[in-house]
Amino acid sequence: MAEEIRAEMVANVWKVVASTGDDVAEGDTLVILESMKMEIPVIAESDGTVQQIAVNEGDVVQEGDLIAVVA
Amino acid sequence: MPASTAASDQSIVDSRDPETRLRALFDRGTLRLLASGDGSGALAARGEIDGGPVIAFVTDGTRMGGALGSEGCRHIVDAIDTAVRERIPVVGLWHSGGARVDEGVVALDGIGQVFAAMVRASGRVPQISVVLGPAAGGAAYGPALTDIVVMSGAGRIFVTGPEVVRSVTGEQVDMERLGGPEPHGRRSGVVHVTTNNDEDALRTARELAGLLGRQGRLSPADVPAGVEGFDLSSLMPAEANRAYDVKPVIGALLDPPRDGHTGPVELHARWAPNVVTTMGRFAGRTVGVIANNPLRLGGCLDAASAEKAARFVRMCDSLGVPLIVVVDVPGYLPGVGQEWDGVVRRGAKLLHAFAEAVVPRVTLVTRKAYGGAYIAMNSRSLGATAVFAWPTAELAVMGAAAAVNILHRKRLAATPVEEREALRAQLIEEQTHTAGGVNRALEIGVVDEVIEPTDTRRRIAEALAGAPAARGAHGNIPL
């Protein structure tokens, strides 16, 4: 089942770590956000392949915005 | 634990036979049936777990899908009442479709009496549920009323099954996606621990029954003091804005697993993961640990995590389990979703839970404690037994950089651009010193003592041991 990983808070996209096609394991970092003066990693919640990275470095994401799809 | 008392009939654990399931829960050879063999749909027994007395009941998944009638319910009520009388833990093994349809309202009345017995026992004895098969309808709320719910890979919990959901709402969903370990472990918070199989589920229940039923005594003298102790700060990054996983820190804080034990048990590991709630032993005694996890949401508190922590605090308080609170929190999570999700109402539960708790409860501020979240994490004002902080910790309304931007906005704007950053750096340093530094917190008494990371375990053990043992006089409502 494809898993959509969405932003849980308003944040700046600081670094995009994973790329489309990468195989990732649960707990791997996909993207690093910056918010509340903290670097906040967005991690894969299950094993799979990155189908899509929906953000670019420098973007501002709102709560609920799509960040990545892992399937 | 001697090998002879280990639960070791694991080869046949996956059987649905209710007596086999009970046998797998208890130490070998200790099972004594209290009620059985009457076709009622439920068995009850007494036995031992890790040498301590425990009551257990099981619904009979081999008979009408474990459906419960009035007689089976009476066995369960008697089992719970017996556990309360003897002040020992009660474990329920669930595999039941709910009320027996052929008995009608009589069965509903019986199930209602089970619920009432669970609420009577709440906060008086530990109640642990293990969901091994479907637990539907009335059988869903049985586990939900208890302190801790463990779900095996084949476990399912739902009020109405896929057929009813499909006919009423048109949603196509199978039992696993509706109420299996994934949805309840991650989305609903109904289940505290998910396991792959029955064997692991029963092993977890045994560990929890031991932790809650036989809590042991604190022996601070056994914990290395001063620079002899493990440097807990070595498990955190030097940069204050860098995220890290707090779980290894909790692992190093608690005692390592004893022979034959699983060690600490994290509850709600995948639900609201920005706060971690773990039961384990510390200096020989059962404790509950609550910690912000900077790896998730930067460690911010939010509606779900505050509620999760509040329920954990109230469970520990009602069962007499001391608390260790590890604080590294940048604040409450901002956002429309949070406000509409009731972050105020659900956050208030955590304030209420800590302020109400009478068990010894010690706070450690490792890196930072800001704003409303500072108060919520067992602060001095909420009645913490002791508040410790590491030398580099910051306690403030907000981070120093953010505070400077607000407090000195005009002065910074009036300063020539080339000098601005130097001034900002100087102001941040002053702000850290006057408003956020740990010395100021010590001066006004919201931190009792600044302690070294290596000495942390010993000092927490001494603080917990020095506090009078007490236990909250309240039940554990499933918040």
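Below, chain A is the first sequence line, B the second, and so on; all start at residue 1.
Annotation: B:E429, atom CD; neighbour count of heavy atoms from other residues, nucleotides and ligands within 6.0 Å does not exceed 12. No more than 12 heavy-atom neighbours from other residues, nucleotides or ligands sit within 6.0 angstrom of CZ on B:R411.
Counting heavy-atom pairs under 4.5 Å between each of B:L297, B:V336, B:L333 and chain A puts B:L297 at the top.
Ionic pairing of A:E45 and B:R187 is not present here: no N-O contact between side-chain nitrogen and carboxylate oxygen is shorter than 4.0 angstrom. Using a 4.0 Å cut-off between charged nitrogen and carboxylate oxygen, B:R186 and A:E26 do not count as a salt-bridge pair.
Only the backbone of B:Y332 comes within contact range of chain A, with heavy atoms under 4.5 Å apart. Proximity to chain A (any heavy atom under 4.5 Å) is shown, for B:E239, by neither the backbone nor the side chain.
Nearest approach of A:P41 to B:L295, heavy atoms of both residues: CG-CD1, 3.5 Å. Closest approach of B:G337 and A:E63 over heavy atoms only: CA-OE2, 3.2 Å. Residues A:M38 and B:P294 approach most closely at CE-CB, 4.1 Å, considering heavy atoms.
One finds the CG atom of B:D302 at 8.0 Å from the CD atom of A:E8 (value rounded to the nearest 0.5 Å). For the atom pair B:N274 CG and A:M9 CE, the distance stands at 9.5 Å (nearest 0.5 Å).
Within the 4.5 Å cutoff, side-chain heavy atoms of A:I43 are placed close to those of B:R296.
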